[in-house]
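Every value quoted in this text rests on a predicted model; they were computed, and no experiment measured them. Reminder, nothing fancy here: chain letters follow the sequence lines and each chain counts from 1.
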Amino acid sequence: MRFGFAVKVLGEPGLKSNDARRWQSNPHLGVSLNYLQDIIRYLEKKKIRMYRMSSDLAPYITHPEMPQFRNQIDECLDELAYVGRMARAADIRLSFHPSQYIVLNSPEERVADLAIADYHAEARILDEMGQGPEAVVVTHVGGVYNDKSAGMERFIKNYNRLSDTARRRLVIENDETNYSVEDCLYIHSRTGIRIVFDYLHHMNLNPAKWSLSYALGAALATWPADVTPKIHFSSPRTELREVKRKNPITGKSRAELLPPLLDQHSDYINPYEFAFFMEHAEGLREFDVMIEAKGKDLALLRLKENLSKMGLPT
DNA sequence: CGATGTCAAGGAATC
DNA sequence: GATTCCTTGACATCG
């Protein structure tokens with residue numbers, strides 16, 4: 001089993017995950033790839049074998065009004081191949097997870113077209129990096145727009161408009177408010193798309209009242225036999241949230257403490273919670289685990305420490 | 001140098 | 001139809 005984390009490295013100062021300069025300074029994939037080399041060396045040192053790259057690795061690559069950024073992949077073919085070889089040599093599984101603004105099932109054609117372009121760019125980066133079918137682009141099904149089944153149909157329709165490059169890489173994840181594992185399975189039955197099981201989302205949205213092991217097993221079964229599935233795991237935040245509230249009359253703002261939302265991530269992973277979860281995976285096929293915690297790589301390394309103290313595999 | 005404002009993008013709730 | 005929240009870090013600017 002591989003453990004991975006997303007985007008930002010906290011365990012060592014100075015490691016950047018993408019060229020985040022403003023467009024006026026011409027940020028570029030080539031710069032991001034230099035940063036990525038440093039990250040891969042760090043992952044190797046820490047024996048971390050899965051990593052989600054920044055969705056802004058190629059800045060503005062699909063921006064409709066900035067065509068000057070459009071050819072970044074072609075401008076970096078050698079660098080992509082080189083960094084891809086580094087990742088393979090270090091046995092690191094790579095992935096992308098486009099931001100919340102990328103919505104394939106949007107009724108707005110402009111938005112859906114942008115999503116199609118975005119998935120294609122990220123899939124092509126993985127292709128040029130020479131990554132196998134385990135390197136995926138993870139997305140949510142999208143919005144509901146007052147009609148969930150229409151939302152799913154629109155996802156399927158637009159999925160069929162994807163390039164082969166994008167369709168080979170794209171996978172869906174169950175979310176915490178709209179589309180459950182059950183909904184994702186329906187889309188799988190119509191498209192064959194693979195499902196990334198998200199533990200925290202499933203705990204928050206499970207209208208069918210499926211057991212953990214049934215839902216997990218169903219999601220794992222959507223992956224081909226020779227491709228290792230992956231899942232997302234996170235613990236819910238328990239700390240109070242400090243929210244600044246503005247008085248509409250006086251215009252003054254003051255801090256207020258509110259309970260955490262159930263879908264917010266904690267700093268670290270509760271190792272007992274993870275151990276209980278793994279009991280529900282007993283007898284199911286093997287999978288990789290993407291840790292989603294505010295503590296990023298620190299949370300991952302701490303979880304592995306805690307699990308080995310508990311005598312559990314890492 | 002520290003404080004503060006800003007950043008490409010959508011959806012949903014609220015008015 | 002317009003506004004605000006969601007949520008996040010780091011760039012960019014200003015004093």
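Rounding to whole angstrom units, CD of residue A:Glu109 and P of B:dA9 are separated by 20 Å. Between A:Asp113 atom CG and B:dA8 atom C1' there is a gap of 16 Å when expressed in whole angstrom units. Per the geometry, OH belonging to A:Tyr101 stands 11 Å off C1' belonging to C:dC5, to the nearest Å. At whole-Å resolution of the value, NE2 in A:His97 and P in C:dT7 are 14 Å apart. Atom CG of A:Leu104 and atom C1' of B:dA9 are 15 Å apart (whole Å). Across the protein-nucleic acid pair, A:Lys296 atom NZ and C:dA10 atom P stand 11 Å apart, rounded to whole Å. One can place CG of A:Asp118 at 13 Å from C1' of B:dG10, the figure rounded to the nearest angstrom. Atom-to-atom, NE2 of A:His63 to P of B:dA9 comes out at 7 Å; the value is rounded to the nearest Å.
Other residues, nucleotides and ligands contribute over 12 non-hydrogen atoms within 6.0 Å of the NZ atom of A:Lys296. Counted within 6.0 Å of CD on A:Gln24, heavy atoms from surrounding residues, nucleotides or ligands total more than 12; the atom is thus considered enclosed. Within 6.0 Å of CE on A:Met203 lie no more than 12 heavy atoms contributed by other residues, nucleotides or ligands.
For the P atom pair drawn from B:dA8 and C:dA12, the interatomic distance equals 10 Å after rounding to whole Å. Spacing between B:dG2 and C:dT8 at atom P, rounded to whole Å, works out to 25 Å. Between C:dT7 and B:dA12, the two C1' atoms lie 15 Å apart (nearest whole Å).
In this structure, A:Lys294 does not reach the C:dT7 phosphate: none of its side-chain N or O atoms is under 4.0 Å from OP1 or OP2. Regarding contacts with the backbone of C:dG9, every side-chain N or O of A:Lys16 stays at 4.0 angstrom or more from both OP1 and OP2.
Between A:Arg41 and A:Asp38 there is a salt bridge, since at least one side-chain N of the basic residue sits less than 4.0 Å from a carboxylate O of the acidic one. Salt-bridge check for A:Asp74 with A:Arg124: passed, with a basic side-chain N closer than 4.0 Å to an acidic carboxylate O. Between A:Lys148 and A:Asp183 there is a salt bridge, since a side-chain N of the basic residue sits under 4.0 Å from a carboxylate O of the acidic one.
Ring pair A:Tyr199/A:Phe277 is perpendicular by interplanar angle, where above 60° counts as perpendicular and below 30° as parallel.
Residues A:Phe3 and A:Phe274 bring their aromatic ring centres within 6.0 Å.
Cation-pi contact between A:Arg154 and A:Tyr145: present, with separation from the ring centre below 6.0 Å and deviation from the ring axis of at most 45°.
Where DNA chain C pairs in unbroken runs of 3 or more (Watson-Crick or G-U, both distances under 3.5 Å), the stems are B:1-7 with C:9-15, B:10-15 with C:1-6.
Comparing B:dA9, B:dG10, C:dA10 against the side chain of A:Arg110 picks out B:dG10 as the nearest.
The residue A:Ile102 sits close to a base: some heavy atom pair falls under 4.0 Å.
Annotation: side chain of A:Arg194 is in contact with side chain of A:Val136 (closest heavy-atom distance under 4.5 Å).
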Could you list, one pair per line, each protein nitrogen or oxygen that sits under 3.5 Å from a nitrogen or oxygen of nucleotides 11-15 of chain B, together with the distance?
unit_1 : atom_1 : unit_2   : atom_2 : d
B:dG11 : OP1    : A:Ser106 : OG     : 3.0
B:dG11 : OP1    : A:Tyr145 : OH     : 2.4
B:dA12 : OP1    : A:Val144 : N      : 2.7

Look for any protein N or O under 3.5 Å of an N or O in nucleotides 12-15 of chain C and output each such pair with its distance, or none.
unit_1 : atom_1 : unit_2  : atom_2 : d
C:dA12 : OP1    : A:Arg22 : N      : 2.9
C:dA12 : OP1    : A:Ser25 : OG     : 3.2

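Shown here for A:Pro59 and A:Asp19, the closest heavy-atom pair between the two residues is CG-O, 3.6 Å.
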*asked:* Working note: A:Tyr179 + A:His140, criterion ring pair (Phe, Tyr, Trp, His ring centres under 6.0 Å); need CA distance, chi angles, decisive distance, verdict.
replied: CA-CA 8 Å; A:Tyr179 296 97; A:His140 292 288; 9.6 Å; no
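For C:dA10, its base never sits under 3.5 Å from the side chain of A:Asp56 at any donor and acceptor pair.
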